[in-house]
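One structure is given here, and the rest of the page talks about it.
All chains are named by letter (A, B, ...) in the order of the sequence lines, taking the proteins before the strands, and each is independently numbered beginning at 1. Computed from heavy atoms alone, side chains included, the values below leave out hydrogens, waters and symmetry copies.
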Amino acid sequence: MKNREISTVLYEISSLLEIDQENPFRIRAYTRAAQTLENLTEDVESLAQKDALTQLPGVGKGIAEKIKEFCSTGKMAEYEHLKQKYSSGILEMMQISGMGPKRTRILFQKLKIDSVEKLKEAAQKGWLKDLEGFGAKIEENILKGISLKDQFSKRMLLDEALRISQEIVKTLSQQCRSLEKIVPAGSLRRWKETVGDLDFLTVSEKPEEVIHAFTHRKEVKRVLAEGSTKASVLLDRGVQCDLRVVPKESFGAALQYFTGSKEHNVALRELALKKGLTINEYGLYHNDDKKKSVAGKTEEEIYKKLGLEFVPPELRENRGEIEAAQTKKLPKLIEEKDIRGDFHNHTKLSDGTHSLEEMAQKAKEKGWEWFVSADHSQSLKVARGLDPETLWKKKKEIEILNQKWNNFNVLLGSEVDILSDGTMDYADDILKEIDFVVASVHTGFSQGEEKLTERIVKAMGNPYVDIVGHLTGRLLGSREPYPIQLQRILDAAAKTQTAMEINGQPQRLDLYDSYAQSAKGLGVPIVLTTDAHSTSQLDYMTYAVATARRAWLRKEDILNCLSLKEILDWKNSGVSIL
DNA sequence: GCCGTTTTCGGCCCGACTGTTTTCAGTCG
């Protein structure tokens, strides 16, 4: 799949065109096309072969030709030309906080600066401050920006973002008596898989009190901006936090605005314009009377006045949700209360930290009705995978637990390794005694796309395999997904009715949103799992549910929403019941 | 460069903060 590669090229063209002072709308066209390709799950090369590229939103004749050119030659003339004109180090300069296209262009033209290293040197020598439009302060800020660059570019995992955000909400609420409301917005509210910075929206009669308390927190390393309604700080761990104070009557408009995504908001404003309305963070207004707001108190009324169904934050990525909301075709998304059990988690028999009983007890307290305990299989020695003898001991232990509890059932599961030739780590006569088998790849990631794909497809052909675990194997921030032919695997999964897992570990979230959406579209059953290695990690179900919501999934699409009898029926019949 | 519920040309999202200026440009989200 060349999707990501081409998307990156288009983004870079767009940045270089900015420096080149091209028509801003032409620049945006490249950004839009790049976004489309970034989110595309179909293979762009096969679309190019079918001459279907211009069906993609934001891709017209011009960009379609350039994509085709890249598919057949591996190069794009326009891109090569721009890189030659400006050198590619210049793109890295634009990543520095305080450096945009204009300043980059001036520095390149006047001082021949074309890399971050040269930029740093020039700023240290004081060469920037005398240029027109620059000054001592800007020079200083650019140096600070360079030293903070690494921290800025790091994105947080969801659990860390949530932890920091909850702490800030809690302490600011205690400190500021004037604080009427404080709500995290931004990508955290959309439950995006990683979060770049934290946004807080507040309502207060005394904005200065809230802003002061926010910028004077002890973990604040640097105040990036501080005004009368907005402040921006950098925490000591390199996390940027923004806070806005808005009047009560604008809360809904502001929440909508700061929840984003940017792409969703742009599309929403364009829609508003077509209806003769203007939308900003203070409300929705008629173009001919900008003083009188039509809506603003709640998000609901804003969407309603625009003729839309309410769009849940998780869907606000401009991936078709606005069109669906116009025709009242948004799905009713799954909620955490719909979940009745978990299929994949570990005890201290393998690499978990709690006993089977402790794990099951916590599951019961969460209000679940059933619980599949799935430790690792024998060959995964690093994780103390279970040999058959231990597996049978565990089965006995489960029987005892089930006699003890009413209205709650523990089942024997196992996360069984898919060996390098596609066979399973337990023989069939063992597998058939296990209630639910999750098949996962833990070794041999470098086999290559063809082999890995065949290996997984072969595993799905085993009649005792029920679920495929963390299909792409990615670890956010540390390991790329291994190469697989997604379409082939999902087709096979639909045929064999093997479920695909959405793993709720914050560093995995695998399948991720767009892949899970494709899987559902092809008729593949979906399961949500925590992959918990301790009792507290059973709460990772929240992240699995959030990912499912971002994939547009309803409770009807997900096996965890079925009763014990129903999941056993599914398992035994092998027929789709969703 | 894309796009069409005022269609094949003429549009294309909006505001806050900072630092440079002395009314505004650049950056950011």
Side-chain angles (χ1 to χ4, degrees), chain A residues 10 13-14 17-19 21-36 53-67 78 94-107 128-142 144-145 152 185-187 196-201 207 211 215 223-233 240-246 250 253-254 256-285 287 290 307 318 323 326-327:
Chain A
L10 294 175
I13 290 179
S14 146
L17 288 176
E18 269 191 292
I19 299 170
Q21 295 185 315
E22 250 288 356
N23 171 0
F25 301 109
R26 188 165 171 246
I27 294 167
R28 216 175 98 195
Y30 277 96
T31 311
R32 280 194 164 170
Q35 280 162 359
T36 299
L53 287 170
T54 52
Q55 287 167 16
L56 298 172
V59 178
K61 243 171 102 180
I63 293 181
E65 277 309 313
K66 295 196 167 76
I67 295 174
E78 166 135 41
M94 286 238 286
Q95 311 280 321
I96 306 289
S97 164
M99 287 291 294
K102 301 281 168 55
R103 287 177 188 156
T104 302
R105 180 184 171 85
I106 291 171
L107 293 179
L128 309 188
K129 64 175 185 295
D130 299 328
L131 292 171
E132 203 187 324
F134 284 73
K137 199 77 197 201
I138 287 180
E139 190 174 76
E140 191 189 325
N141 280 338
I142 288 175
K144 278 186 190 164
F152 267 115
S187 48
D197 51 21
L198 298 172
D199 298 289
F200 297 92
L201 185 65
I211 301 265
T215 55
V223 178
L224 300 168
E226 183 171 7
S228 57
T229 63
K230 172 185 171 177
S232 201
V233 300
Q240 185 178 329
C241 295
D242 300 328
L243 179 135
R244 293 283 290 236
V245 190
V246 297
S250 297
Q256 195 291 314
Y257 184 91
F258 291 109
T259 296
S261 65
K262 198 175 168 182
E263 293 76 26
H264 174 85
N265 286 354
V266 167
L268 210 62
R269 276 188 224 118
E270 283 171 356
L271 177 71
L273 275 183
K274 280 183 200 154
K275 295 178 182 286
L277 299 162
T278 299
I279 183 169
N280 60 29
E281 59 259 61
Y282 299 109
L284 187 64
Y285 303 88
N287 276 341
K290 295 249 167 77
N318 197 24
E323 294 75 5
Q326 278 177 310
T327 50

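Going from the C1' atom of B:dT6 to that of B:dC12 covers 16 Å, rounded to whole Å. Across B:dT23 and B:dG29, the matching C1' atoms stand 24 Å from one another, rounded to whole Å.
Among the nucleotides B:dG19, B:dG29, B:dC28, the one closest to the side chain of A:K137 is B:dG19. Between B:dC17, B:dG1, B:dC12, one nucleotide has an atom nearer to the side chain of A:K66 than all others, and that is B:dG1. The nucleotide whose nearest atom lies closest to any side-chain atom of A:D197 is, among B:dG29, B:dC12, B:dT18, B:dG29. Taking the side chain of A:Y282 as heavy atoms from C-beta on, and the options B:dG19, B:dG15, B:dC2, the nearest nucleotide is B:dG15.
The side-chain heavy atoms of A:F134 and A:R103, taken from C-beta on, include a pair separated by under 4.5 Å. Side-chain contact between A:E78 and A:Y30: present, with at least one pair of heavy atoms (C-beta onward) separated by less than 4.5 Å.
Residues from residues 257-265 of chain A placing a heavy atom under 4.0 Å of any atom in DNA chain B, listed by number, are A:Y257, A:K262.
Between the CD1 atom of A:I19 and the P atom of B:dG26 there is a distance of 14 Å, given to the nearest Å.
For B:dA16, neither phosphate oxygen OP1 nor OP2 lies less than 4.0 angstrom from any side-chain nitrogen or oxygen of A:S232. An OP1 or OP2 oxygen of B:dG15 is reached within less than 4.0 angstrom by no side-chain nitrogen or oxygen of A:Y285. Taking only side-chain nitrogens and oxygens, A:Q240 comes nearer than 4.0 Å to OP1 or OP2 of B:dG29.
Between the CD atom of A:E281 and the CZ atom of A:F258 there is a distance of 5.0 Å, given to the nearest 0.5 Å.
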Quick test: give all pairs of protein nitrogen or oxygen and nucleotides 21-25 of chain B nitrogen or oxygen below 3.5 Å, distance rounded to 0.1 Å.
none

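Side-chain atoms of A:D242 stay outside donor-acceptor range of the base of B:dG29, with no qualifying N/O pair under 3.5 Å.
Here the rule is side chain to side chain contact (heavy atoms under 4.5 Å, CB included) with A:N318, and of A:R32, A:E263, A:K262, A:Q35 only A:E263 fits it.
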Quick one: side chains of residues 226-233 of chain A, donor-acceptor pairs under 3.5 Å with protein atoms, not counting sequence neighbours, listed by atom name and distance.
unit_1: A:E226; atom_1: OE2; unit_2: A:T215; atom_2: OG1; d: 3.3
unit_1: A:S232; atom_1: OG; unit_2: A:Q240; atom_2: NE2; d: 3.2
unit_1: A:S232; atom_1: OG; unit_2: A:D242; atom_2: OD1; d: 2.4

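One finds no salt bridge joining A:K61 and A:E65 here, because no Lys/Arg side-chain nitrogen approaches an Asp/Glu carboxylate oxygen to under 4.0 Å.
B:dG11 is paired with B:dC2 under the criterion used here, namely a Watson-Crick or G-U wobble arrangement in which both key atom distances are under 3.5 Å.
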